[in-house]
Structures are given as C-alpha cells and as structure tokens.
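For reference, the structure is listed below as structure tokens.
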There are 2 protein chains.
Amino acid sequence: MKLSTKGRYGLKAMFELALHYGEGPTPLKNIADSQDISEHYLEQLIAVLRKSGLVNSVRGAQGGYLLNDSPKNITVGNVIRALEGDIAPADCVLENEEVNCDKLNYCVTKTIWMKIRDSINDVIDSITLQDMVDEHKEKNEGQGYMYYI
Amino acid sequence: MKLSTKGRYGLKAMFELALHYGEGPTPLKNIADSQDISEHYLEQLIAVLRKSGLVNSVRGAQGGYLLNDSPKNITVGNVIRALEGDIAPADCVLENEEVNCDKLNYCVTKTIWMKIRDSINDVIDSITLQDMVDEHKEKNEGQGYMYYI
DNA sequence: TGAATCCCTAGTGTTATACTTGGTATTTCA
DNA sequence: TGAAATACCAAGTATAACACTAGGGATTCA
C-alpha cells in the first residue's frame, strides 16, 4: 500500500511550483535541488504532468515550468491521479473498469476495498496546493528561515 | 497504491473461516476452492496468520484451520496488518519507525501522507469479520443459494 | 554563438510479487 | 495397520514494476 515515488516526488514538485506561482517559470534544476530528487527522473514525471495539463513549460534559457492554474484549483488528487492513475486498493474497484469478480456471490471484500478507495479519495480531493502552501508558511514563519533563498 | 494478494487473499480466507466459525476446522483446500486461490500459495499466507495468532490449525485427516477468536473480535485491520505490515502510503509515516525526512523544513507532504494513512486505518479498524459475515448473509438471503454447499 | 533550458528515447540493476515444486510430519478412519 | 487426508516446510522461478541513468536533440535568451 505504498505510493510510488512518482506520486510522492510529483507532489513535491507541484508544491514547489505552487510556492512560486505568479513568479514566472521555475527551472527543473531548482525543483530537483530543493526537493532532493534526481533531475532526469523528475523530468520524466513532470512530462506526465505537462501532458495531463497541470503544468506548462517554457523552453530555452530562463525557461522552466509553471502551474497551469491557480494552486487553489489544483488538488492533491489531481496530481496523484495524473501520475499513478486512479487510486484503488484492488483492481476490482478501479473507478472506470470495475470488474465483476464473482458472479454467483455478493463479494464482501469488494465492499471493503470500495470504502478504502473512497476514504483515500476524500482526503486527496479535499486538499489543494494552496492548502499546502498555507500550511508551509504557517509552520515556517518566525523561524528566520526562508524556503526559497 | 494496491494492496497485494497477500492482504486480499488473506482477508478472503479469514472471511471464509468466519463463515464457519464454531463448526470445527476448515481444511485449506475448501477455502482455496471457495475463494479460487492457489492452495499452495494460500498455505504460505495462512502460515503468517497462524504465527501472528489469528488462526489455529489442526493437523491430520479431518483437520484444518479455525479462527482463534470470535469474528466479532477480529478486524480487517488485524488481518491486513498481519500480512502486509503497517499501512502507510510512504515510509516516513510508518507508525513505529517515523523518519525525519527533512530537517530544515517542515514537510507538507508528510501531513498528507499521515491523513491518508489515518483514513485507511479508520476504515479497516472499524470493520470486523462478523460485519462481513452479516453483510454477506443479508445480501445473499432469499436467493435460493447457499454459500457453503 | 554559447549557455541554459526543455524534450525524447532507450537501457538497466534491483526488488517484490505471485506463484510453483517437491517434499515431510501428523492424524483419522476403514 | 495402512492409506488417505490433512498441515507444515524450504526452495526455486518467471514476470513486472520501480527508480532510476545515459545520451543526445531542440529551443530560446543574452
């Protein structure tokens, strides 16, 4: 039941972009350095985020990546689903492709997988990147430490 | 974010034992047939459940497995944790061995992983094997079909 | 023109998963 | 008493996913 690094790194990267929202493009190298992620690997993840429309890119020197929308309008669920696909603890409760695993019997484990799936989705759909930025600023204020030196 | 077959098959097996609670030992073959699981593979999973004290075994002909406690007292969480270990979407929020991934910064993704972890645990700790049995009987009643022919 | 950046494709070592294979030990029952 | 039914144990294996690395091409700015 682990999230892979795709989802975890991807969310860190999106958080980083949210911190700099409105300041022009952020180069990948900065994100990778700040969050301590391999640049080349992150490149592959952010390519997925770009193709799914969550971020835009600007090529060339002084280029980089930026959020395609306000952090208020992007949820953790948007990011994780883009990178990991639909969240479900078992294939039989994948949102689009629900399978009838058991024709004769009503399957009681399926009920449980649905409840787990829904509880996870409730969490990730209720948190926006802006929430993360707000929390970060709150916790780090008054420490004489600026995140983005 | 998938549960492995360990947790999924293991829960199915425990449900099967709960259905037959109080009726003496159920042989592995019956469980494997009912739930359509490889017998030899299930053997390995149930060995873990036995070592963790959730089931007992009776050897020899007419032997099999039985729950070590009433289905009312065994939760889905007990079963899944025995087979998969503590549930957490990222290692940094594993219950026993929480790691400080980021010394300088307050890590906002960690907050999210904790919320996901807690929501999953809430679900699996709130459902007992008896709940599953009750739901199964409710849904299958009046269908002229008995599960345990 | 050259440095900084994004973009793309392919390869690779490691690990976990989901089994299979092939036995041994114990108990019941005919 | 012997055969069948069961639990118990240890090892091997094919596949796939993960988490990268490597190497280069395209674009833009100064």
Side-chain angles (χ1 to χ4, degrees), chain A residues 1-13 16-17 20 23-52 54-68 80 83-85 87-91, chain B residues 1-13 16-17 20 23-52 54-68 80 83-85 87-91:
Chain A
M1 277 298 269
K2 293 280 181 299
L3 227 47
S4 74
T5 52
K6 289 179 205 166
R8 300 208 311 277
Y9 292 178
L11 185 59
K12 279 167 181 268
E16 200 68 24
L17 290 181
H20 300 297
E23 300 172 13
T26 306
L28 193 71
K29 189 173 181 347
N30 293 18
I31 305 175
D33 287 351
S34 299
Q35 298 289 340
D36 203 30
I37 303 170
S38 145
E39 194 179 336
H40 248 332
Y41 185 45
L42 186 54
E43 194 175 287
Q44 289 167 44
L45 307 184
I46 211 159
V48 176
L49 295 170
R50 186 171 52 80
K51 278 161 194 159
S52 70
L54 290 171
V55 307
N56 265 333
S57 59
V58 178
R59 299 181 73 161
Q62 262 56 42
Y65 294 93
L66 8 72
L67 293 186
N68 216 352
I80 290 181
L83 289 159
E84 309 240 357
I87 294 296
D91 283 341
Chain B
M1 276 301 269
K2 293 280 182 300
L3 227 47
S4 74
T5 52
K6 289 179 205 167
R8 301 208 311 276
Y9 293 178
L11 185 59
K12 279 167 180 269
E16 200 68 23
L17 291 181
H20 300 296
E23 301 172 13
T26 306
L28 194 71
K29 189 173 182 346
N30 293 18
I31 304 175
D33 287 351
S34 299
Q35 296 291 339
D36 203 31
I37 302 170
S38 146
E39 194 179 337
H40 250 331
Y41 185 45
L42 186 55
E43 193 176 288
Q44 289 166 44
L45 307 184
I46 212 160
V48 177
L49 294 170
R50 186 172 52 79
K51 277 162 194 159
S52 71
L54 290 171
V55 307
N56 267 333
S57 59
V58 178
R59 298 182 73 160
Q62 262 52 45
Y65 294 92
L66 8 73
L67 294 187
N68 215 353
I80 291 181
L83 289 160
E84 309 241 356
I87 294 296
D91 283 340

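No experiment lies behind these values; they were computed from the predicted model shown. So you know, we letter chains A, B, ... as the sequences are listed, proteins then strands, and number each from 1.
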To the nearest Å, how far apart are [X] [atom1] and [N] [atom2]?
X	N	atom1	atom2	result
B:M1	D:dA17	CE	C1'	17 Å
B:R59	D:dC9	CZ	C1'	10 Å
B:K12	C:dA18	NZ	P	14 Å
B:L42	D:dT6	CG	P	15 Å
A:E43	D:dT21	CD	P	12 Å
A:K6	D:dA19	NZ	P	8 Å
A:Y41	C:dA10	OH	P	19 Å
B:I37	C:dT20	CD1	P	12 Å

Min side-chain heavy-atom separation A:N68-A:V55 under 4.5 Å: no
Flag side-chain contact, heavy atom, 4.5 Å: A:Q62 against A:P25: no
Which of these nucleotides, [options], is closest to any side-chain atom of [X]?
X	options	result
B:A61	D:dA4, D:dC18, C:dA18	D:dA4
A:S4	D:dC18, D:dC20, D:dC8	D:dC18
B:S57	D:dA7, D:dC20, C:dC8	D:dA7
B:T5	C:dC6, C:dC19, D:dA7	C:dC19

Value rounded to 0.5 Å, distance of CD1 in B:I46 from CD in B:E39: 10.5 Å
B:I31 side, atom CD1; B:E43 side, atom CD - distance, nearest 0.5 Å: 11.5 Å
Along DNA chain C (nearest heavy atom to each residue), the more 5'-positioned of A:G60 and A:A47: A:G60
Position toward the 5' end of DNA chain C (nearest nucleotide), A:Q62 or A:H40: A:Q62
For A:G24 against A:L66, the heavy-atom pair lying closest together: C-CD2, 3.8 Å
Touch class at under 4.0 angstrom, heavy-atom based, for B:K29 against every strand present: nothing
Sugar-phosphate, base or nothing in reach of B:R50, heavy atoms under 4.0 Å: sugar-phosphate
Distance-only donor-acceptor test, A:Q44 side-chain atoms vs D:dC20 base atoms, 3.5 Å: yes
B:Y9 side-chain N/O to C:dC19 phosphate OP1/OP2 under 4.0 Å: yes
